[in-house]
Amino acid sequence: MTENTTPAAAAAEQPQALPSQYTPAEVEGKLYERWVAAGWFEADAKSDKPPYTIVIPPPNVTGQLHLGHAFQHTLMDALTRRKRMQGFEALWLPGMDHAGIATQNVVERELAKEGKSRHDLGREAFVDRVWQWKEEYGGRILGQMRRLGDGVDWSRERFTMDEGLSRAVQTIFKRLYDDELIYRAERIINWCPRCLTAISDIEVEHQDDEGELVSIRYGEGDASIVVATTRAETMLGDTAVAVHPSDERYAHLVGTEIELPLTGRRIPIVADEHVDPEFGTGAVKVTPAHDPNDFEIGRRHDLPMPTIMNERAIVTAHGPFEGLDRYEARFAIVAALREQGRIVAEKRPYTHAVGHCSRCKTTVEPRLSMQWWVRVEPLAKAAGDAVRDGRVAIHPQELAGRYFAWVDNMHDWCISRQLWWGHRIPVWYGPNGETVCVGPNDEAPTGEGWTQDTDVLDTWFSSGLWPFSTLGWPEQTADLAKFYPTDVLLTGHDIIFFWVARMMMFGLYAMDGRAPFHTITLTGLVRDQFGKKMSKSFGNVVDPIDWMDAYGTDALRFTLARGANPGTDVPIGEDWVQGSRNFCNKIWNATRFALMNGATVEGPMPAAEHLSATDRWILSRLDAVVAEVDAYYEDYQFAKLSDTLFHFAWDEVFDWYVELAKLPLNGDDEAAAQATRRVLGHVLDVTLRLLHPIVPFVTEELWTTLTGGESLVVAAWPAPSGFADPAAEAEITTLRQVITEVRRFRSDQGLKPGQRVPANISLAGTAIAAHEAALRQLARCTPAGEGFSATTSFPVAGALIELDLSGAIDFAAERKRLSKDLAEAEKVRDVNTRKLGNAGFLAKAAPDVVEKVREKLAGAEADIARIRGQLDRLPSA
RNA sequence: GGGCGCAUAGCUCAGUUGGUUAGAGCACUGCUCUUACAAAGCAGGGGUCGACAGUUCGAGUCUGUCUGUGCCCA
């Protein structure tokens with residue numbers, strides 16, 4: 001600690017030098033480096049302490065820190081920092097995922113600037129190039145996490161493409177393949193014609209687009225039938241028209257063939273249960289290779305399934321339309337049909353839901369293709385059951401319904417991607433049609449004609465293994481034994497399906513039915529100060545670094561934590577961050593005051609009988625706050641615990657305890673001063689500990705100076721001491737009421753805040769008899785001297801306060817104030833009188849409720865009498 | 001189209017099993033640089049809790065309908 005030359009430390013030796021404002025930039029970087037260098041964030045697998053583990057939701061290697069990360073990281077950091085202080089072997093494990101499509105896109109864009117494509121380089125060189133990019137530019141977010149103060153174990157940082165994690169991917173692929181939970185099949189998949197790969201169902205975003213609904217007459221005369229479509233261009237791939245079996249309008253046509261316009265091909269009319277007779281004409285065109293529903297109809301009726309577009313959604317057949325993209329083809333085909341008089345109706349615009357690639361927003365093209373799939377049914381059932389039977393809890397509970405809706409109705413998961421960046425599918429094909437899945441310890445087949453599958457796996461496939469692949473699985477490592485299962489998974493509710501459900505499936509499958517975590521805490525999304533979603537197009541995106549620069553990291557963290565009501569979105573505005581900065585500065589100044597006045601944590605706390613009521617009050621409150629904060633942490637109520645600490649620190653400790661402490665600190669009674677210094681030191685010590693997980697920097701800077709302790713990172717979390725003094729709490733509450741009442745009178749009378757007023761104060765026999773000096777100090781009352789003449793007097797809480805305003809009293813203001821009080825008291829009286837006059841209430845309400853109402857009525861009546869007395873004594877205007 | 005949620009002060013949000021005069025932050029008004037802090041202090045104003053009906057001795061809280069709004073799924 002001797003080399004510690006922080007501003008606060010220097011100031012402790014020379015209190016005058018202490019800056020009156022907290023400057024985050026001067027302490028944050030230095031403190032973080034110190035924490036990391038000391039190794040306090042590194043977990044020890046050999047430790048005897050109970051483990052507490054959180055794995056970070058791996059950010060994208062191409063990504064940068066946004067407010068959503070800042071938000072979730074603040075909460076995860078708070079959880080792990082507290083557990084570390086509580087004596088757990090706390091591990092918060094960091095890392096990134098390789099983001100197959102996004103990363104490949106980034107590098108391809110780079111290549112495009114050089115006029116090259118990945119095909120010019122070839123697969124191996126391209127992948128090398130991606131690695132090179134990753135080393136140079138990837139992972140900017142890791143530096144930003146340091147800035148945020150994330151107490152992660154950097155020695156355990158992982159990346160989904162690392163050798164160990166890749167081995168985990170291959171291991172589980174092989175295992176699932178052998179268990180027949182992975183298979184290869186030709187199906188309709190969601191194809192992105194821009195990314196040139198398949199994507200899974202949940203990577204498709206549906207949104208309403210304005211399109212057109214065109215009704216086309218197929219066939220001629222009696223044998224004609226009208227179909228409606230939003231995708232006229234796909235007619236080139238039609239191989240049937242389908243109607244409902246019970247639809248009498250078309251019964252005579254079923255089994256016949258009609259000519260498909262423009263092509264000269266003849267296609268059958270089939271009857272299929274899945275056709276909705278109510279929609280349009282009740283007849284639908286069937287394009288099995290370009291629509292999932294049509295594919296199913298095609299399978300049932302054994303129809304041909306011609307693909308009519310290439311991977312870029314350009315038409316590949318049929319003479320005049322060949323080479324047109326899907327939209328050009330649509331226009332050309334409708335024109336050609338119109339010329340033939342086959343368009344019987346057109347509706348424009350026709351709004352309907354269209355699928356878009358979640359990565360690039362391109363309209364998805366359903367496409368028949370050979371892909372790899374996970375048969376999810378048994379995995380999903382296990383994932384659902386683990387939550388259903390209580391082994392895994394979801395916070396907030398309301399979101400469990402969405403989880404069940406997904407896992408209980410999950411479609412098979414398309415896991416192959418036509419990319420080069422990712423985990424290549426470990427399957428080899430032989431010259432004679434052999435298929436071999438190669439495990440991590442197997443030799444890949446070599447020799448003439450053997451080739452490996454060219455596809456890679458969905459990034460989420462490897463992310464799904466994250467809670468155990470990062471701990472060394474499939475090896476039976478010490479880390480895995482110590483830290484799996486992890487404790488809490490904290491992430492946004494928007495990736496329940498992408499990630500949470502898949503970790504559950506893989507964890508239960510690979511780890512002998514042991515779920516990857518016991519608690520899932522789902523957060524909302526960060527929004528702007530008006531509750532609007534942050535989006536680039538709307539221009540309301542905020543870079544968290546900017547706010548950290550302007551107001552300090554702690555201010556940003558506190559604002560985010562304070563907004564974290566369970567399951568709800570978190571609005572955040574610059575004004576609020578500024579408010580949090582003000583709070584940090586307030587903590588700074590309160591501690592500065594304490595240091596200047598010799599607050600200490602040395603020596604035992606004085607026994608209760610040697611403490612003032614003020615001391616006993618704040619210690620009693622402190623104990624209650626420790627318990628409250630603990631309860632909120634256990635329930636993941638970050639907003640509540642932050643708010644509790646905010647109000648305790650500011651409204652009670654800083655505004656009242658510190659002010660009341662000034663009397664003994666500046667008084668002649670050295671024993672009383674010393675006791676106060678000790679209590680003040682203790683209260684700040686504990687308060688800083690409680691605040692540290694949320695605002696680690698300012699608390700660390702102040703606490704090390706105040707206590708001389710090594711670091712809050714490894715300091716003990718406060719435990720309730722069992723101290724409670726309800727009498728002292730009541731006493732100080734009354735004192736505060738009386739002081740506030742006098743101040744209110746002063747304010748209404750237009751007195752200057754600093755102006756001293758002679759007062760005669762009679763406290764004998766009241767609960768606050770011992771606090772006259774405090775009352776005089778905080779209400780700025782001087783003793784009644786020679787010639788004291790009370791211009792006004794008022795009773796409050798049994799005390800009588802007489803003030804000499806030298807005749808300057810504003811009777812109108814006083815009448816207004818008293819009238820307002822009277823009206824309020826009368827309202828209370830009336831409400832409660834009505835209740836007590838209600839026979840039903842007396843008969844049915846709980847006795848304690850009735851008793852409370854009686855007390856309230858009595859209190860109101862006493863107030864009314866008192867206020868009326870005061871009003872009566874005022875001279876009439 | 002199906003499901004879920006929300007509607008409380010100017011703004012953003014808390015309000016536990018129905019029972020104090022409905023709270024907070026920010027914003028607002030007045031007075032103050034009172035020797036920790038003007039990034040502050042002290043005092044204050046502001047809401048018929050979306051609408052209508054119902055249950056109840058009693059409804060911001062429970063039920064139904066309506067209106068508005070958001071999200072998820074298709």
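Below, chains carry the letters A, B, ... as their sequence lines are ordered, and counting in each starts from 1.
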Worksheet item: Which nucleotides of nucleotides 19-26 of chain B have their base under 4.0 Å from a protein heavy atom (B), which only their sugar-phosphate (S), and which neither (-), written as one string 5' to 3'?
Response: BSB--SSS
Item to complete: Ignoring hydrogens and angles, tell me if any N or O in the side chain of Thr23(A) forms a donor-acceptor pair with the backbone of Ala25(A) under 3.5 Å.
Response: no
Worksheet entry | CG/Asp668(A): more than 12 non-hydrogen atoms of other groups inside 6.0 Å | no
Practice prompt. Would you mind telling me which of C13(B), G15(B), A43(B) lies closest to the side-chain atoms of Asn565(A)?
Written response: C13(B)
Dump every N/O contact between nucleotides 33-37 of chain B and the protein below 3.5 Å, one line per pair.
from   : atom 1 : to        : atom 2 : distance (Å)
A36(B) : O3'    : Arg592(A) : NH1    : 3.4
A36(B) : O2'    : Asn589(A) : OD1    : 2.8
A36(B) : O2'    : Arg592(A) : NH1    : 2.3
A36(B) : N7     : Lys662(A) : NZ     : 3.4
A36(B) : N6     : Phe654(A) : O      : 3.3
A36(B) : N6     : Glu659(A) : OE2    : 3.0
A36(B) : N3     : Asn589(A) : O      : 3.0
A36(B) : N3     : Ala590(A) : N      : 3.3
C37(B) : O4'    : Asn589(A) : OD1    : 3.0
C37(B) : O4'    : Asn589(A) : ND2    : 3.4
C37(B) : O2'    : Asn589(A) : ND2    : 3.4
C37(B) : O2     : Lys586(A) : NZ     : 2.7
C37(B) : N3     : Lys586(A) : NZ     : 2.7

Discussion item. Considering every strand and a 4.0 Å limit on heavy-atom distances, what is the contact class for Ala405(A): base, sugar-phosphate, or nothing?
Written reply: nothing
Worksheet item: Would one find a side-chain N or O of Arg402(A) under 4.0 angstrom from OP1 or OP2 of C73(B)?
Response: no
Worksheet item: Under 4.0 Å: is that the gap between some side-chain N or O of Lys640(A) and OP1 or OP2 of G15(B)?
Response: yes
Discussion item. At less than 3.5 Å, do the side-chain atoms of Arg581(A) and the base atoms of A39(B) form a donor-acceptor pair?
Written reply: yes
Practice prompt. Mark yes when over 12 heavy atoms from residues, nucleotides or ligands other than His352(A) sit less than 6.0 Å from its NE2; otherwise mark no.
Written response: yes
Worksheet item: In terms of side-chain heavy atoms, does Gln737(A) have a donor or acceptor partner in Thr740(A) at a distance below 3.5 Å?
Response: no
Item to complete: Specify the separation, in whole Å, of atom CD of Gln207(A) and atom P of C72(B).
Response: 12 Å
Worksheet entry | Between C6(B) and G44(B) - P atom distance, rounded Å | 35 Å
Fill in: Span that lies between the C1' atom of A27(B) and that of G46(B), in whole angstrom
11 Å
Item to complete: Return one dot-bracket line describing RNA chain B 5' to 3' (Watson-Crick or G-U wobble pairs, both distances under 3.5 Å; ( ) same strand, [ ] crossing, | another strand, . none).
Response: (((((((..((((.....[...)))).(((((.......))))).....(((((..]....)))))))))))).
Worksheet entry | A9(B) and G54(B), which share atom name P, separated by this distance in whole Å | 26 Å
Worksheet item: Under 4.0 Å between a side-chain N or O of Lys533(A) and OP1 or OP2 of G70(B)?
Response: no
Worksheet item: Is there side-chain contact between His244(A) and Glu273(A), with at least one heavy-atom pair below 4.5 Å?
Response: yes
Worksheet item: Will you find, in the side chains of Tyr657(A) and Asp615(A), an N or O donor that is under 3.5 Å from an N or O acceptor?
Response: yes
Worksheet item: Do the side chain of Asp643(A) and the main chain of Ala639(A) share a donor and acceptor less than 3.5 angstrom apart?
Response: no
Practice prompt. Could you tell me whether the phosphate oxygens of C6(B), OP1 or OP2, come under 4.0 Å of any side-chain nitrogen or oxygen in Thr568(A)?
Written response: no
Item to complete: Sticking with atom P, work out how far G19(B) lies from A59(B), rounded to a whole angstrom.
Response: 11 Å
